[in-house]
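Inspection log for the structure reproduced underneath, given as structure tokens.
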2 protein chains.
Amino acid sequence: MERRRQARGERRMAEILDAAADAFAELGYEKASTNAIAARAGISPGSLYQFFPGKEAVARALADRFVADMRAAHAAAFTGAEVAGMDLDELLDRVVDPLVAFNLANPGFKALFARPDMPSALAGSSQPIQAAMLGQVEAILLARVPGQEPADRARSARVLVRIFQAMTPLVAASPEEERPAEIAELKRVLKGYLTSLSA
Amino acid sequence: MERRRQARGERRMAEILDAAADAFAELGYEKASTNAIAARAGISPGSLYQFFPGKEAVARALADRFVADMRAAHAAAFTGAEVAGMDLDELLDRVVDPLVAFNLANPGFKALFARPDMPSALAGSSQPIQAAMLGQVEAILLARVPGQEPADRARSARVLVRIFQAMTPLVAASPEEERPAEIAELKRVLKGYLTSLSA
DNA sequence: TGAAAATGCGAGCGACCGCTCGTATTGTTC
DNA sequence: GAACAATACGAGCGGTCGCTCGCATTTTCA
């Protein structure tokens, strides 16, 4: 069902995703109307639907782009290949800092990432992001806590991602000068949990 | 501006709050329409507005009732009076278990408690619950981590409440037989954080 | 160059939202 | 039992939502 796109169309799609990220960041997912997204993109409501079949599709495409950007920027730090022997504090710095930076640089990200109000937990707009995060955290767990049962590893990954999700808005909402302290608390929580897993 | 209520009116108000808790639990705060709440309560839309000036007021009243119920049921476990010398694991059991039980028994609770989408962080419907929780956690911290600066204690309380908020939906969403494991993970996270605070 | 496809527009649709208001009924008060 | 307040109703208001549709314009390509 893919239709042939012209260069202008590809550009428009990117502009729509930019506008959607803006709107999600400022208004939240629910209150960011498709008309508002179209207006921010400088196009008419109808034009938006030339490129995306609906609001969910816009959100999912935006989530995919976030995941791709994240991977492109921080793939090395997150792979967990040479992560096995690393000092835990250094590991946390290497993983958490870029992720926090990405969250602060992309305010629309957390509107899709940190929303626990799942309409039905199925096919949510944030599913791509969730899946990507869970996979990478599991890879790190596999390297750091080798003795863990697969089911326990999956659960621990969910817990770690959830903690990050929950703390990120706290970091983003705090004034500039208190952010280092908030980030330190986030790392402290993650470290405490990871330490108790290895024990 | 308080108007004189008859016994029937007081009963209706309680029924409306019951219906609102139902609707919030099932649909989430935003999608739970006032007409739907009224229908669930077996009354007309207009009647709802005889008792509450709007949807926010319903939510705030429901939050107040949740806080009162929680205090009535678990005041002793949460006070932090004799909490100072207690074993950390026992403390966590005493505080976390009743809170988790309350969350599971009142599905509408987390729709007000665990929603990080704050319209403006001011005067939110969940503010009464947040304030109550923060105060009680700070009291516990005061007893357990006496050397802490007030600003740090406030931050730690926010972190602890946030962790609980984030993990509760995970517990509630998991199948019955896996809940003990999820609750154990929640306690593990809290314990890890609290331990690192005392160090 | 001309037909087809892609892009673009924007009024407005049907549905739902929170909420109002005129009116009827029930309960309280003296 | 008369006067009044409290409770109850439900059609419907003004507004917003996601989205459609008829039609104009631009680009592609044979």
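Within every chain, numbering begins at 1; the chains are lettered A, B, ... in the order of the sequence lines, protein sequences first and strands thereafter.
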Distance-only check: which donor-acceptor pairs under 3.5 Å involve side-chain atoms of residues 166-177 of chain B, not counting sequence neighbours?
from	atom 1	to	atom 2	distance (Å)
B:Thr168	OG1	B:Phe164	O	2.8
B:Ser174	OG	B:Val171	O	2.8

Find the distance [X]:[atom1] to [N]:[atom2] and express it as a whole number of Å.
| X | N | atom1 | atom2 | answer |
| --- | --- | --- | --- | --- |
| A:Ile37 | D:dT16 | CD1 | P | 17 Å |
| A:Ile43 | D:dT25 | CD1 | C1' | 16 Å |
| A:Tyr49 | D:dC21 | OH | P | 13 Å |
| B:Glu15 | D:dA8 | CD | C1' | 13 Å |
| A:Phe52 | D:dT20 | CZ | P | 15 Å |

**OP:** Between A:Glu10 and B:Gly46, just flag the one whose closest nucleotide in DNA chain C comes earlier from the 5' side.
**Re:** A:Glu10
Between [X] and [Y] (side chain of the first, backbone of the second, donor and acceptor by atom type, cut-off under 3.5 Å), is there such a pair?
| X | Y | value |
| --- | --- | --- |
| A:Ser47 | A:Ile43 | no |
| B:Lys55 | B:Glu30 | yes |
| A:Arg144 | A:Met86 | yes |
| A:Glu185 | B:Val159 | no |

Polar atom pairs (N or O), protein with nucleotides 4-6 of chain D, under 3.5 Å:
from	atom 1	to	atom 2	distance (Å)
D:dA6	OP1	B:Arg4	N	3.3

Original post:
With no hydrogens and no angle check, do the side chains of B:Gln148 and B:Glu138 hold a donor and an acceptor under 3.5 Å apart?
Top reply: no
Original post:
For A:Phe66, what residues pass the ring pair (Phe, Tyr, Trp, His ring centres under 6.0 Å) criterion, not counting sequence neighbours?
Top reply: A:Phe109
Original post:
Considering the terminal five base pairs at each end of the helix from C:dT1-D:dA30 to C:dC30-D:dG1, what angle separates the two local helix axes, rounded to 10°?
Top reply: 10°
Subject >> B:Leu197 side chain near B:Asp152 side chain, heavy-atom distance below 4.5 Å >> reply: no
Subject >> Salt-bridge criterion met for B:Arg188 and B:Asp89 (N-O under 4.0 Å) >> reply: no
Original post:
Do B:Glu149 and B:Arg153 sit within salt-bridge range, that is, some charged N less than 4.0 Å from a carboxylate O?
Top reply: no
Original post:
Which pairs pass salt bridge (Lys or Arg N to Asp or Glu O under 4.0 Å) with one or both residues in residues 40-53 of chain A, sequence neighbours excluded?
Top reply: A:Glu26-A:Arg40
**OP:** Describe the nucleic acid contact of A:Ala32 in one word from base, sugar-phosphate, nothing, applying a heavy-atom distance below 4.0 Å.
**Re:** sugar-phosphate
**OP:** Determine: side-chain N/O of B:Ser47 to OP1/OP2 of D:dA8, distance under 4.0 Å, yes or no.
**Re:** no
Subject >> Span of DNA chain C in contact with chain A (heavy atoms, under 4.0 Å) >> reply: C:dA6 to C:dG10
